[in-house]
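Here's the structure, in structure tokens; my notes come after.
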Number of protein chains: 2
Amino acid sequence: MGRPAMSARAPFDVDAVAAAAMDVFLRRGYAATSMDQIAETLGIRKASLYHHVASKEELLRRGVERAFDALTAVFDEPSARHGRAIDRLRYVLTRIAEVTLARAAEASLVIRTRGNTPFEEAIIHRRRAIDAAFAALVGAAADEGTLRADMPPALLARMMLGTTNALTEWYRADGVLTAAEIAQAVAAMLLDGARAPSAISAAAAPPRRGRRVRRG
Amino acid sequence: MGRPAMSARAPFDVDAVAAAAMDVFLRRGYAATSMDQIAETLGIRKASLYHHVASKEELLRRGVERAFDALTAVFDEPSARHGRAIDRLRYVLTRIAEVTLARAAEASLVIRTRGNTPFEEAIIHRRRAIDAAFAALVGAAADEGTLRADMPPALLARMMLGTTNALTEWYRADGVLTAAEIAQAVAAMLLDGARAPSAISAAAAPPRRGRRVRRG
DNA sequence: GTCTATAGCGCGATAGAC
DNA sequence: GTCTATCGCGCTATAGAC
């Protein structure tokens with residue numbers, strides 16, 4: 001237990017406490033993070049946190065608010081609203097990836113939420129609105145004929161958002177690639193594919209091995 | 001609290017308890033699931049669970065074991081070991097998606113693990129071996145020249161596994177699409193792209209801070 | 001093989017001194 | 001604004017009756 005240094009130390013405001021909490025939330029997960037652990041990273045005692053925030057859930061609320069604000073704003077950007085659907089889709093995909101990386105901790109709070117409490121249910125509900133907006137964009141591209149037609153647009157949309165959501169699980173800002181570079185790569189792989197343009201691969205499925213889908 | 005029916009009811013074995021636990025783990029997450037909630041779905045009291053299993057962590061261990069066994073087996077299948085790397089990659093990608101869907105609850109135990117306890121750290125460690133095997137396969141395809149060369153193979157591998165990992169977050173076995181169909185779609189989108197073959201999209205980055213990805 | 005009852009512990013949050 | 005001390009609760013796990 002790091003005894004707090006009684007000597008000089010910058011005073012904390014609520015934003016500093018929230019920022020410290022986001023770090024721990026990203027690494028350990030919200031539920032598995034105790035107020036003790038947040039306090040420890042700040043060099044103070046748990047009880048002192050409650051001078052800055054009213055509850056642990058307030059930290060969660062602050063985080064998801066920032067994530068939702070940033071994500072919903074993407075759909076209002078000019079490049080997301082004008083032009084061919086396929087171009088708007090590429091833009092939105094790139095921007096969602098950028099925002100997810102730039103606000104990785106806050107985004108992971110939204111992504112990992114299971115809906116176990118009433119407040120968590122509200123998060124799920126709000127996330128569905130974003131999912132729906134994105135699915136509508138994918139649907140528009142499908143109607144336009146610029147997306148492959150051999151699978152449902154709703155499935156494409158889910159897989160794409162799955163890919164961006166998964167970014168928070170491994171991305172850390174100190175890597176060699178910038179967030180913008182990774183976001184570009186996400187959109188490029190999802191829309192254009194990972195194959196070299198010239199490489200033609202056997203498109204055959206794996207041989208059927210008895211589809212055991214458990215828990216029918 | 002559902003009072004257990006004292007009348008006739010099939011006796012439980014350890015597998016039935018484990019299967020019930022997996023259902024709840026998938027929906028609520030491992031940490032957020034209490035032994036009380038598992039017992040309730042079986043219609044017995046919490047204390048009775050301990051006649052079948054020694055601890056909550058034993059349930060986690062059983063699920064993780066099944067997930068790892070199924071995933072590692074994929075790399076030993078003949079189609080994963082012979083042929084062009086790009087074809088092996090397509091096969092493994094499809095099979096990983098299939099296995100992730102068929103064992104969604106068990107796979108999610110592995111995927112959501114944060115490494116907060118010594119046992120969880122061991123899970124992370126073992127998962128890294130699978131990630132490495134997959135990354136090696138992607139690297140082989142890159143060396144072969146059948147993957148796009150404008151982004152690092154390691155990044156491609158991470159994004160691909162991110163996409164399959166995300167499947168457990170929304171897939172439920174009662175949907176219209178079978179696990180095999182979804183797995184096919186995952187590999188098709190990741191390797192060939194979501195765009196219609198004819199549709200040429202503006203490849204421009206969002207104007208904001210568009211740095212293009214370089215690096216082999 | 002299931003029950004009731006409870007030990008033991010860690011957590012979020014509060015009270016009040018300094 | 002931080003501290004020590006503690007309350008109250010829910011959790012995993014155990015004890016022992018039936």
Side-chain angles (χ1 to χ4, degrees), chain A residues 1-22 24-25 27-64 109 113-114 116-120, chain B residues 1-22 24-25 27-64 109 113-114 116-120:
Chain A
M1 267 309 181
R3 182 69 32 150
M6 294 310 264
S7 55
R9 193 201 53 215
F12 302 123
D13 59 0
V14 58
D15 289 323
V17 172
M22 293 307 139
V24 192
F25 288 161
R27 204 175 65 251
R28 315 233 336 159
Y30 172 76
T33 298
S34 69
M35 294 296 269
D36 246 334
Q37 291 163 338
I38 297 170
E40 194 177 354
T41 70
L42 291 166
I44 60 178
R45 298 296 187 188
K46 174 174 68 167
S48 306
L49 287 178
Y50 290 89
H51 179 79
H52 303 284
V53 295
S55 67
K56 185 184 175 187
E57 192 178 274
E58 181 189 327
L59 292 168
L60 174 61
R61 187 174 47 73
R62 282 176 154 265
V64 298
L109 290 178
T113 292
R114 316 295 324 154
N116 293 336
T117 69
F119 179 63
E120 286 186 11
Chain B
M1 271 306 179
R3 182 70 31 153
M6 293 310 262
S7 57
R9 192 202 53 217
F12 302 122
D13 60 359
V14 58
D15 289 322
V17 172
M22 293 306 139
V24 192
F25 288 162
R27 205 175 62 252
R28 313 231 338 157
Y30 171 76
T33 298
S34 69
M35 295 296 267
D36 245 335
Q37 292 163 339
I38 297 170
E40 192 177 356
T41 71
L42 291 166
I44 59 179
R45 295 297 188 186
K46 173 174 64 170
S48 307
L49 287 179
Y50 290 90
H51 180 79
H52 304 284
V53 295
S55 67
K56 184 184 175 185
E57 193 179 274
E58 181 189 326
L59 292 168
L60 173 61
R61 188 173 46 73
R62 283 177 154 262
V64 165
L109 289 178
T113 291
R114 315 297 322 158
N116 293 336
T117 68
F119 179 63
E120 286 187 11

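Quick note on labels: first sequence line is chain A, next is B, and so on, each numbered from 1. Note that these values count all heavy atoms, side chains included, but never hydrogens, waters or copies made by symmetry.
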| remark: Asp13(B) atom CG is separated from dG1(C) atom C1', nearest whole Å, by 13 Å
| said: Rounded to whole Å, please give me the gap between OH in Tyr50(B) and C1' in dG8(C). | reply: 13 Å
| At under 4.0 Å, does any side-chain N or O of His51(B) touch on OP1 or OP2 of dT2(C)? | no
| request: Measure from the side chain of Arg45(A), starting at C-beta and using heavy atoms only, and say which of dT4(D), dA13(D), dG12(C) lies closest. | output: dT4(D)
| Among dT2(D), dA13(C), dT14(D), the nucleotide that comes nearest once only the side chain of Phe12(A) is considered | dT2(D)
| Choosing from dC11(D), dT2(D), dT2(C), which nucleotide comes nearest the side chain of Ser34(B)? | dC11(D)
| Ala47(B) side chain: which of dC3(C), dA13(C), dT2(D) is closest? | dC3(C)
| request: Find out whether Arg61(A) and Phe119(A) are in side-chain contact, i.e. whether some heavy atom of one side chain is under 4.5 Å from a heavy atom of the other. | output: yes
| task | Could you state the atom-to-atom distance from CG of Leu42(B) to P of dC3(C) in whole Å? | result | 11 Å
| Taking CD1 from Ile38(B) and P from dA13(D), how many angstroms apart are they, rounded to a whole number? | 10 Å
| task | Round to the nearest Å and state the distance from Asp36(A) atom CG to dC3(D) atom P. | result | 11 Å
| request: Can you figure out which of dT4(C), dT2(D), dT2(C) approaches the side chain of Ile44(A) most closely? | output: dT2(D)
